[in-house]
Number of protein chains: 2
Amino acid sequence: MGGFVNSLATLPEQPDEDSPAIDQRQFVNSLGKGIAVLEAFSSHPGAMSLQEIADLAGLDKSTVQRMAYTLLQLGYLRKGLDGRGFCLGTKVLDRAFDFLRSWPLIERATPVLNELQLGSHERVDLSIFDDLTICYAIRRQSKRQTFYATLVGRRIPTFCSSGGRAIMARLSDGEVDSILRRSDLIALTPKTLTDPDAIREEVQRARREGFSLVHDESLIGEVAVACAVLDHRARPVAAVHIAGSLSEWSPESFAKRFSPLAAEAAGALSGAIAPF
Amino acid sequence: MGGFVNSLATLPEQPDEDSPAIDQRQFVNSLGKGIAVLEAFSSHPGAMSLQEIADLAGLDKSTVQRMAYTLLQLGYLRKGLDGRGFCLGTKVLDRAFDFLRSWPLIERATPVLNELQLGSHERVDLSIFDDLTICYAIRRQSKRQTFYATLVGRRIPTFCSSGGRAIMARLSDGEVDSILRRSDLIALTPKTLTDPDAIREEVQRARREGFSLVHDESLIGEVAVACAVLDHRARPVAAVHIAGSLSEWSPESFAKRFSPLAAEAAGALSGAIAPF
DNA sequence: ACGATCGTATTGTAATTCAATACGCAAATA
DNA sequence: TATTTGCGTATTGAATTACAATACGATCGT
C-alpha cells in the first residue's frame with residue numbers, strides 16, 4: 001500500500017495482494033491503514049514508536065503519524081509511559097464489550113458455563129467458530145492457570161483444538177477438507193497432529209462419540225473435551241470446552257467424567273435462539 | 001462530517017464540533033468514520049442495516065456502505081443472520097486480547113486476583129482508570145452474577161464506583177474537582193451520590209481509611225470495597241475491587257472483612273513495574 | 001402484484017489523504 | 001560537554017482518494 005506500489009495496485013490488474021480479490025472500488029484504504037496500525041500491536045505488544053509501527057504495518061511513517069494521531073484522539077491508542085511511543089488504549093475493550101453483549105448466545109451461555117465450572121471444578125470455555133480459528137469468548141478458570149488461558153479473544157487453530165474438532169465434526173466432509181487445506185498445519189506442540197488424514201480420523205471419532213477429546217496438542221499437559229453448539233439450522237457456531245491437567249487425569253478418565261457435562265451444556269445452548 | 005458540512009468544518013474557524021479542538025489537519029476523517037460505524041453498535045447491540053448505522057453514526061448511507069464493506073473484509077463486522085444487516089465481528093476481540101496482553105500490570109494481576117477470589121469467595125475485579133470512567137479489565141466472579149458483571153470492557157463512572165473513589169483518593173483535590181466537574185453526575189440508582197460535596201466527602205474518607213466503601217450506588221444490593229493500584233510514581237492507574245451482596249453482608253462487616261485483602265492485593269500490584 | 005427496504009454497484013466531482021520535508025526536543029553516545 | 005541519533009510534531013503541494021447521489025435487483029410483508 002501507499003505510493004507507487006499503491007498506484008500499481010489500483011490498476012485493473014490486481015496481482016495477488018493478500019485477500020482473495022477484494023473490491024478495490026469500495027475498500028476504504030485509510031480505514032484499512034488505521035486498522036493495520038492497531039493490528040501491528042498483535043505482533044508486538046507494548047509501546048512502539050511510529051517507525052516501529054510503520055515497519056510492522058507496512059506503512060509509511062507519515063501515514064502512521066496521522067493514523068496514530070486520529071486513533072489517539074479517539075482513545076484507541078494512548079501515549080507510552082513518558083510520552084514516548086504509543087500503545088493500545090482502553091477503547092478497544094469497549095468494542096469487545098459491545099461484541100460480547102450483542103450475541104444472545106453469549107448471554108445465555110454465561111450462567112450455563114458458570115454452573116459447568118462449579119460442577120466440574122475444571123476450566124470451562126465457550127469458543128466461537130471463525131473459520132480457521134476458534135476464538136474464546138467466555139472463560140471460567142479453576143485454579144491456577146497460565147495467563148493466556150484466562151484471556152478472552154485468544155485464538156487457537158481450528159484443526160488442533162478440541163472445540164475446533166467438535167465443530168468440524170458437525171460440518172460436511174467438504175467443509176472439513178476446505179478448512180484443513182487452507183490452514184497452516186503447523187504444530188503448536190510436538191504432539192500436535194498435522195497430518196490431514198489423522199485429523200480427519202479424529203473428526204470422525206468425534207462424530208461417532210458426540211464429543212472431541214484432545215490432549216497435548218495445543219498445550220502440553222492439557223486435556224480437553226468439547227462439544228459443538230448448533231444454531232437453529234443445526235450449523236455449528238461455537239463450542240463448549242472443559243479443560244484439565246494430565247497430571248490429574250488420564251485422557252480416558254477425563255473424557256468419561258466430563259464429556260457428558262460438556263454435551264449437556266452444548267445441547268442446552270443449541271438450537272432455539274439465534275446466536276447473534 | 002462529509003460534503004458541504006465537512007467543507008465548512010475544514011475552514012479555519014472550527015465552531016464547536018465535539019472534542020476540544022482536534023487538529024483538523026492531521027485527523028483522518030475516513031478512519032474516524034469507520035470507527036464511528038463500529039461505535040454505533042454500542043447504542044444498539046445486534047444486527048443493524050446500513051441505514052440504521054448511518055443514522056446512529058451520523059453518516060451518509062453511502063459512506064457507511066463503504067466503511068461496512070471495508071470492515072467486513074477485515075473481519076470487524078460480519079453479516080447478520082440471513083445475510084441481512086451487519087453486526088460486530090470477532091476481530092474486535094482480537095484487539096482486546098492484544099490490549100490485555102500488553103499491560104504487564106494485567107498479567108501480574110491475574111494470579112493475584114485469582115488468589116483473592118479463592119480467598120474471599122466474592123467477586124473481584126481489576127479496573128483501569130480512564131478519566132471519567134473506569135473500565136473493567138479482569139473479572140473473577142463467585143456464584144451467580146448478572147451478565148454485565150462478568151464482562152470485560154464494562155465501564156462505570158469514576159464518581160460513583162468503589163474503584164473510582166479509591167482512585168480519586170490518590171489524586172489531588174484539583175484533579176478530583178476536575179473529574180467531578182466534567183462528569184455527568186447522573187444517578188445510576190436512587191442511592192447514587194450526585195452532590196459533588198458529598199462525593200468529595202467520601203473521597204476524603206477513602207483517603208483516611210485507605211480504601212473506599214460503596215453500596216447501592218451503581219447497583220442496588222451490591223456492596224464493594226476497592227483500593228487503588230499505583231504506578232512507580234505513586235499515580236493511581238487501576239483499582240482492585242471486591243464486591244458482594246447486601247443480602248449477606250452489612251457494609252461495615254463487608255469492609256471489615258475484605259478491605260484488608262483488597263489493600264494487600266493493590267499494594268502487591270503497586271509500584272515496582274510499569275503498568276504498560 | 002405491489003411497495004418498501006434491503007444490500008450492492010457505478011460515477012463525476014472535489015475534497016481528502018499522501019509522503020517528503022523540516023523542526024524542536026530528549027536521550028544515548030563519544 | 002559536544003554530537004548524534006531517534007523521537008513526536010507540524011507543514012505543504014500534488015493527485016489519489018473518498019464522497020454521496022443515483023440506479024439496480026432481490027427479498028420480504030402486505
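In what follows, chains carry the letters A, B, and so on, assigned in the order in which the sequence lines appear, proteins first and then strands, with residues in each chain numbered from 1. Hydrogens, waters and symmetry mates play no part in the numbers below; they use all other heavy atoms, side chains included.
Of the candidates D:dC7, C:dC18, D:dT9, D:dT9 carries the atom nearest the A:Q65 side chain, counting heavy atoms from C-beta on. When each of D:dG8, C:dA20, D:dT22 is scored by its nearest atom to the side-chain atoms of B:S62, the top-ranked nucleotide is D:dT22. If you check D:dT9, C:dA20, C:dC6 against the side chain of A:D60, the one that comes closest is C:dA20. The side chain of A:V28 approaches D:dA18 more closely than any other nucleotide in the set D:dC7, C:dG7, D:dA18. Ranking D:dT9, C:dC6, C:dC18 by closeness to the B:S49 side chain, first place goes to C:dC6. Here D:dA18 is the nucleotide among D:dC7, C:dT8, D:dA18 with the atom lying nearest to any side-chain atom of A:N29.
Rounded to an integer number of Å, the gap from A:M48 CE to D:dC7 C1' is 15 Å. One can place NZ of A:K61 at 11 Å from C1' of C:dA20, the figure rounded to the nearest angstrom. As rounded to whole Å, 15 Å separates atom P of C:dT17 from atom CZ of A:F27. Nucleotide D:dC7 holds its P atom 11 Å from the CZ atom of A:F86, rounded to whole Å. Summarising the geometry, the separation between CG on B:L50 and P on C:dA4 is reported as 20 Å, rounded to the nearest angstrom. Spacing between atom CZ of B:R84 and atom P of D:dG25 amounts to 17 Å, rounded to whole angstrom units. When rounded to the nearest whole Å, the span between CD of B:Q51 and P of D:dA21 equals 11 Å. Per the geometry, CG belonging to B:L77 stands 14 Å off C1' belonging to C:dG7, to the nearest Å.
Ring geometry for B:Y148 against A:F97 counts as tilted: the plane angle lies between 30° and 60°, on a 0 to 90° scale.
Under 3.5 Å, the side chain of B:S30 and the base of D:dA18 form no donor-acceptor pair of N or O atoms. Counting distance only, with no hydrogens placed and no angle test, the side-chain atoms of B:T63 and the base atoms of D:dA20 include no donor-acceptor pair under 3.5 Å.
Side-chain atoms of A:Q65 and A:Y69 form no donor-acceptor pair, as typed in the model, at a separation below 3.5 Å. Side-chain contact annotation: B:T158 with B:R165, donor-acceptor N/O pair under 3.5 Å absent.
Take the nearest nucleotide of DNA chain D for A:R66 and for A:L31: the residue whose nucleotide is more 5' is A:R66.
Proximity of A:K33 to the phosphate of C:dT17: no side-chain N or O atom is located under 4.0 Å from OP1 or OP2. Side-chain N/O atoms of A:Q26 include none lying less than 4.0 angstrom from OP1 or OP2 on C:dT8. Close to D:dT9, at under 4.0 Å from its OP1 or OP2, lies a side-chain N or O of A:K79.
When the shell of 6.0 Å around CZ of B:R170 is examined, it contains 12 or fewer heavy atoms from other residues, nucleotides or ligands. Residue A:R182 qualifies as enclosed at atom CZ: its count of foreign heavy atoms under 6.0 Å is above 12.
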